[in-house]
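All values below were derived from every heavy atom in this structure, side-chain atoms included, with hydrogens, water molecules and symmetry-related copies excluded.
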Amino acid sequence: MQEQYHFSQLETKWQKDWERQELDQVAEDFEREKYYLLEMFPYPSGHLHMGHVRNYSIGDVVARFKKMEGYNVLHPMGWDSFGLPAENAAIKNRVPAALWTKDNIVNMKKQLKTMGLSYDWEREVATSDPDYYKWTQWLFLEFYKKGLAYKKKAAVNWCPSCATVLANEQVVEGACERCETLVDKKDLEQWFFKITDYADRLLEDLQQLPGWPEKVKIMQENWIGRSEGAEICFKTEAGHDLKVFTTRPDTIFGVSYMVLAPEHPLVSELVADTEYEEPVHAFIKKVKSMTNIERAETEKEGLFIGAYAINPLSGDKIPIWVANYVLMDYGTGMVMGVPAHDQRDFEFATKFQLPIKVVIQPDGDLLEGNKLTEAFPAEGRLVNSGRYDGLPNEQAIQKITRDLEQKGLGEKQIQYRLRDWLISRQRYWGTPIPIVYCEKCGVVPVPAKDLPVILPIQVAFKPSGESPLKTNGEFLNCTCPNCGGEATRETDTMDTFVDSSWYFLRYTDAKNAVAPFDREKADYWMNVDQYIGGVEHAILHLMYARFFTKVLFDLKLTSAQEPFQNLLTQGMVLKDGAKMSKSKGNVVSPEEIIEQYGADTARLFILFAAPPERDLEWNEKGVEGCFRFLNRVWRLSYYYHEKIKNISPGEVTKNELDKELLRSIHGAIKKVTDDVRLRFNFNTAISAIMELINTLQKYRDHTNVKSENLPLVRFGLENTVLLLAPFAPHIADELWSNLGKKTSVHLEAWPKYDEKALELAEVTMVVQINGKVRERLNFPKDLPEPQLKELVLETEKIKQLLQGKEITKFIIVPNKLINLVV
RNA sequence: GCGAGUGUGGCGGAACUGGCAGACGCGCUAGACUUAGGAUCUAGUGGGUAACACCGUGGGGGUUCAAGUCCCUUCACUCGCACCA
C-alpha cells in the first residue's frame, strides 16, 4: 500500500477496472426486485457544470447504495441533444449541427466518466440520433391517429430572436424563456398536442404521487388551473348569443354590465356602422399593441360599445363594454360584470361609474352598493335576486345553474387554464414532424414503414436564421405516400420537450429496432423509482412526461400511468450567493476541481455541504476539508495496513475503549443507512462517517501494541470503507483491495448494524431543576423510578440546590432526563 | 395580490415523535513536531463572567414540568403564479 493518497492514478485505475468488469450493466431479472434511478439527462453543451455534478453525485449515491442493498438497479444516462445552441453554433462556426453535437457528447461523456458514475452506458440514448427520433416520430403518428395531434391556426407566441414559436409554458413574464426577448403574438398554422384532454387526469393523479414535493404538485395544480362553474348565455337585444363562463352564477342578479375582450370577434360586429365603431377600434388597436405584461400592468380601461344585453333571469337591460382586463384565451373571452362581488369588476365599475348592486349579504352587517370600498367575494345569502332571495349562495349556485340548464341558457362547466401544447418549431435542429402535404390528398401522415424522416446533415443556413429545411429541396420535395404524386414535407420540427417526454421509457429497451420499447421490459422497470433534477422543470418537462405516459398507457404501450414515483428536486449551486453563470464570472469548473482534488473529494463536498433540496454555496475551503478527510481515512488505513493484513474482523471487546469503538461502528452504520435510505440526508450521513474516523483515530492514539484489538480495528475499517463506497467510490475500492479483498467493494452487501451493540449498560442522565440543566449523572440503564429518585436526591450538588425548596413534581424521561419542579 | 418555502455561532449546516441547542465541516486561537509550514497532530472555540450567575434558534405573545420544534401574531428574504372571471 502506498503511503500517500494519489487520487488521480487511483481514480483512473478503478474507472477502467469497473468498465472492464462491466460492473454497471444491468438486465431485466424478473426474480429480483428492481430499482429504477434516473437523473435528468443533460443538454450536451460540451461542458459539465456544477449543477450537473450535484445532480449526478446525488444520483450515484442512491444507485450505488441500492445496488449494495441488493436491488437490480437501472441507472442510465443519455443526451437531450436537439435544440437551438447546436443550430447557433452551426451558423456561427459553419459546422454541421450534428457534428457539433456529437463532439460535445464525446467531450461531456469523458467528463462524466471522470466522476466515476455508475451508469449503464450500454443504454445510452441521444434524442438527435435517428434511431431515437424515429420513435419520437412514430409516437407522433400514434398521437395523430388518436386525434391527439392536430393542426390549427392560432394566435401563438413568437420569439423574434429565436425565430420560432413557443409553447405557453415557455413564455416567462411575457418573454422567451431561453433568450429573454419579449415575445410577439402571431397568427399561424401550428401543430398541437391535445394535452387539455388529459387535464383532469393530470390533476387527479397528482394525489397518487406522495413521493413528490408538495411545492411541485401545487405548481402543476395551479398550472392546470381547474375551476368549476357554469357557462351562461346572455342575449343581445339584436339576438346574438353572449356566452360567459362564471364560477359565481349565484351573483347573476348583480350583473351591471357585460365585458368583451378587445380581441373578441363579436366586438366588430356589434359596433359596425355605429358611432362607436371608430373609438372602439382605436381602443382595440391600442390594447393589441401592448405586450401581455404591459397590458397587465396598466390600469383597467374600457369603452361602452353602444349595445345592450338581456339578463336571462332578471330580464335587466345591461350595457356591453369592451375592456383590457378581459382575456380572449380564457373561458369565452367574455365576462359578466358583478362589481359588488368581484374585485376586478368593482375597480372597473368604480372607475366608469357603473352601478354596484349587492346580491349576496353576509350574516351580520348590511352591505350597500354605494358604500362599498371593495368587493365582497365571500359567502352569504342572496338578496335582490327575485325568487332566489334568502338562499345560501352555495345552494343558489346549484339551483340557478339547474334552472338555466332547463331553459337551455346555461350549463355546468369546468374550465382549465391549461392550453393545448404547441409543439411546432420553425427550427432545423429538432425531430422532423412526419407529415406530408399533397395538393390532392391534403395532410398525409408518413407511414410508419417510411420512418424515420431523416433530418439532413449538410444544410445551408441563411443569415436570418430561418430554418434551412424550407429551402432544402432534397428534404422538402417528396412523393405523396397516398397517391404517389408530388408533395412537400412539413418543415417544422418538434419542440425538444417532446423528445424528453419519453426517454425514460427508451432506456428500458434502448436498442430496440422494431418498437420504441418492449412492453414487457418497460413494465419490469417502470415506474422510475426515483427521479432527480432541478426544480426549474417542475412544470414543463414533468407535466409533459406525465402526459406522454398517460397517452402511452391509453395506447396500451405501457402499464405505467405515472412516469416518476418519487421526485427529488435538487437546489442550485451558488457562488458568492448567486447562481454560477458566465456573465457573473463566478463559475467554478468541475474539471479543474476534479483535477486538483479528485472526483471523490468533489462528490463528497457537494454532498456534504448542504442537504440535496437546498441551495448550496460553493466553498473552496470546504472542498479542502473534504480532501483532508479522505487523506485522514487513507493515513489511518495505512497505519493499520500491515498490522491487520492477515487478521479476520471480529467484534469481541475487552475493555471500555473497545466497547466505545464497537458502538461507534454500529452507530455509524445505523446513521448512514437511515440517512440515505429514508431521508436522502447525505450531509449528515457523511458527518457520521467522519465521526467514525475520528473515533478510530482516537482509538489508535489511546492504545499501544499490547492493548490494541486488531480484529475489532479491522471490523471498523472494513465497515468504514463499505459506508464510504457510495459517496467516494474510487478510494473505497482501493482501500477495499488494500484490505486484501479480491472483488470490488461495490459488489458487497450493505453492512447491517446490531441494535444490541448500540445499547449502553450505563446512561448519562441530565438532571434539571425547573427545566434548567444542573447536573449530569451516570446510572445503570433502565433503573427503576424509586431508586433513581433516591440516588438523585442524595447527590451533593442537587441537595445543595434544593435547600429550603419543596419538590412538587418529579419528571422522568427514561434513560434521558430528570426534571425536578420546585 | 394569491400560493409555497426559509430565518439557528464568524460561515456551511446538525438537533428523528416537544426532552442536554450548536453534531460534522470550515474559519479562528494556543501549543507540539519542524530549517520552514498553506503538511500533520493536540487542546480550545455561541455571547457573557475571574469563575459562577445569567442571556441566547428573526421579533412579540401563549400552551407545557420542559419549546428551534406546538398555537397566535408580526417582520425579513427566496421561489412560483399573477386581471383565469
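Listed nucleotides B:rA14, B:rC24, B:rC26 differ in distance to A:E691; the shortest reach to its side chain belongs to B:rC24. Nearest to the side-chain atoms of A:K300 among the listed nucleotides B:rC83, B:rC41, B:rG25 stands B:rC83. Considering only the side chain of A:A610, B:rG13 comes nearest among B:rC83, B:rG13, B:rC41. In the set B:rC83, B:rC41, B:rA85, B:rC83 carries the atom at the smallest distance from any side-chain atom of A:A296.
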Between A:E691 and A:K671, does a salt bridge (Lys or Arg N to Asp or Glu O under 4.0 Å) hold up when you go through it step by step?
-> CA-CA 11 Å; A:E691 281 180 88; A:K671 178 76 178 148; over 6 Å; no
Trace of the salt bridge (Lys or Arg N to Asp or Glu O under 4.0 Å) decision for A:R700 with A:E708 | CA-CA 8 Å; A:R700 179 193 61 191; A:E708 63 191 358; over 6 Å; no
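A distance-only check finds no donor-acceptor pair linking the side chain of A:K357 to the backbone of A:A340 [under 3.5 Å]. One N or O on the side chain of A:H341 and one on the backbone of A:F376 form a donor-acceptor pair closer than 3.5 Å. A:D345 places no side-chain N or O within donor-acceptor distance of the main-chain N or O of A:P339, the cut-off being under 3.5 Å. Of the possible polar contacts, none joining the A:S664 side chain to the A:L692 backbone as a donor-acceptor pair under 3.5 Å is found. In this structure, A:N815 contributes its side chain and A:K781 its backbone to no donor-acceptor pair below 3.5 Å.
Ranked by how close their nearest RNA chain B nucleotide is to the 5' end, A:C626 and A:V766 are led by A:V766.
Comparing the same atom, C1', in B:rU6 and in B:rU57 gives a spacing of 14 Å after rounding to whole Å. B:rU42 and B:rC75 are spaced 46 Å apart, taking the C1' atom of each and rounding to whole Å. Taking atom C1' in both B:rG10 and B:rG3, the straight-line distance is 36 Å, to the nearest Å. A distance of about 12 Å separates the P atoms of B:rG38 and B:rG27, rounded to the whole Å. Taking atom P on both B:rC11 and B:rA23, the two are 15 Å apart, rounded to the nearest angstrom. Only the C1' atoms considered, B:rC72 is 15 Å distant from B:rA67, to the nearest whole Å. Going from the C1' atom of B:rG25 to that of B:rG47 covers 22 Å, rounded to whole Å. Comparing B:rA53 with B:rG46, their P atoms sit 15 Å apart, to the nearest whole Å.
In this structure, NZ of A:K698 is placed 20 Å from P of B:rU40, rounded to the nearest angstrom. When rounded to the nearest whole Å, the span between CZ of A:R417 and C1' of B:rC81 equals 7 Å. Taking atom CH2 of residue A:W618 and atom C1' of nucleotide B:rC26, one finds them 14 Å apart after rounding to whole Å. In this entry the distance linking CD of A:E620 with C1' of B:rC11 reads 16 Å, nearest Å. Between A:D342 atom CG and B:rC83 atom P there is a gap of 13 Å when expressed in whole angstrom units. When the C1' atom of B:rG10 is taken as reference, atom CD of A:E617 falls 15 Å away, rounded to whole Å. Rounded to whole angstrom, the span from the CE atom of A:M572 across to the P atom of B:rG5 amounts to 18 Å. Whole-Å rounding puts the A:Y638 OH to B:rA39 P distance at 21 Å.
Pair check for B:rG12 finds B:rC24; Watson-Crick or G-U wobble, both atom distances under 3.5 Å. Pairing of B:rC65, defined by two Watson-Crick or G-U wobble distances under 3.5 Å, is identified with B:rG19. Pair assignment for B:rA53 gives none, since no Watson-Crick or G-U wobble pairing has each distance under 3.5 Å. With a 3.5 Å ceiling on both atom-pair distances, the Watson-Crick or G-U wobble partner of B:rG31 is B:rC41. The pairing partner recorded for B:rG5 is B:rC77, the criterion being a Watson-Crick or G-U wobble arrangement whose two distances lie under 3.5 angstrom.
Dashed line: the shortest gap from a side-chain N or O of A:R614 to OP1 or OP2 of B:rG5 is not under 4.0 Å. Phosphate contact (OP1/OP2 of B:rC26, side-chain N/O of A:R628, threshold under 4.0 Å): present. Contact annotation: A:R632 reaches the phosphate of B:rG25 (side-chain N/O to OP1 or OP2, under 4.0 Å). Contact check, A:N694 against B:rG25: a side-chain N or O comes under 4.0 Å of OP1 or OP2.
A salt bridge is defined here as a Lys NZ or Arg NE, NH1 or NH2 lying under 4.0 Å from an Asp or Glu carboxylate O, and A:E228 with A:K412 fails to meet this definition. We find that A:R248 and A:D342 are not joined by a salt bridge, their nearest charged nitrogen and carboxylate oxygen being 4.0 Å or further apart. By the 4.0 Å N-to-carboxylate-O rule, A:E263 lies close enough to A:R295 to be salt-bridged with it. A salt bridge does not link A:E660 to A:R663: none of the charged side-chain nitrogens sits closer than 4.0 Å to a carboxylate oxygen.
Evaluation of the ring pair (Phe, Tyr, Trp, His ring centres under 6.0 Å) rule for A:F605 yields A:W618 as partners, not counting sequence neighbours. Residues passing the ring pair (Phe, Tyr, Trp, His ring centres under 6.0 Å) test with A:F682 are A:F680, sequence neighbours excluded.
Between A:F348 and A:W321, the ring centre distance stays below 6.0 Å.
Between the side chains of A:K300 and A:N324, not a single donor N or O lies within less than 3.5 Å of an accepting N or O. Between A:N311 and A:D316, the side chains place no donor N or O within less than 3.5 Å of an acceptor N or O (distance only, hydrogens not considered). No hydrogens or angles considered: nothing links the side chains of A:T601 and A:Y5 as a donor-acceptor pair under 3.5 Å.
Residue A:N631 is classed as having no contact, given no heavy-atom separation below 4.0 Å to the nucleic acid. Nucleic acid contact for A:D615: sugar-phosphate only, since backbone atoms but no base atoms lie under 4.0 Å from a heavy atom of the residue. Here A:R700 lies out of heavy-atom contact (under 4.0 Å) with every strand.
Against RNA chain B, the stretch residues 324-334 of chain A makes heavy-atom approaches under 4.0 Å through A:Y325, A:V326, A:L327, A:Y330. Taking a 4.0 Å limit (strictly below) on heavy-atom distances, residues 212-228 of chain A reaches RNA chain B at A:K215, A:I218, A:M219, A:S227. Listed by residue number, the members of residues 667-688 of chain A with any heavy atom below 4.0 angstrom from RNA chain B are A:N683, A:T684, A:S687.
Side-chain N/O atoms of A:K621 and base N/O atoms of B:rC11 include no donor-acceptor pair closer than 3.5 Å.
Partner of A:I232 under the side-chain contact (heavy atoms from CB on, under 4.5 Å) criterion, out of A:L313, A:L404, A:V255, A:I400: A:L404 alone.
By the rule that a glycosidic angle within 90° of 0 means syn, B:rG9 counts as syn.
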Show each protein N/O and nucleotides 65-70 of chain B N/O combination with a separation under 3.5 Å, one pair to a line.
unit_1, atom_1, unit_2, atom_2, d
B:rC65, OP1, A:K809, NZ, 3.2
B:rC65, O2', A:N819, ND2, 3.3
B:rC65, O2, A:N819, ND2, 2.6

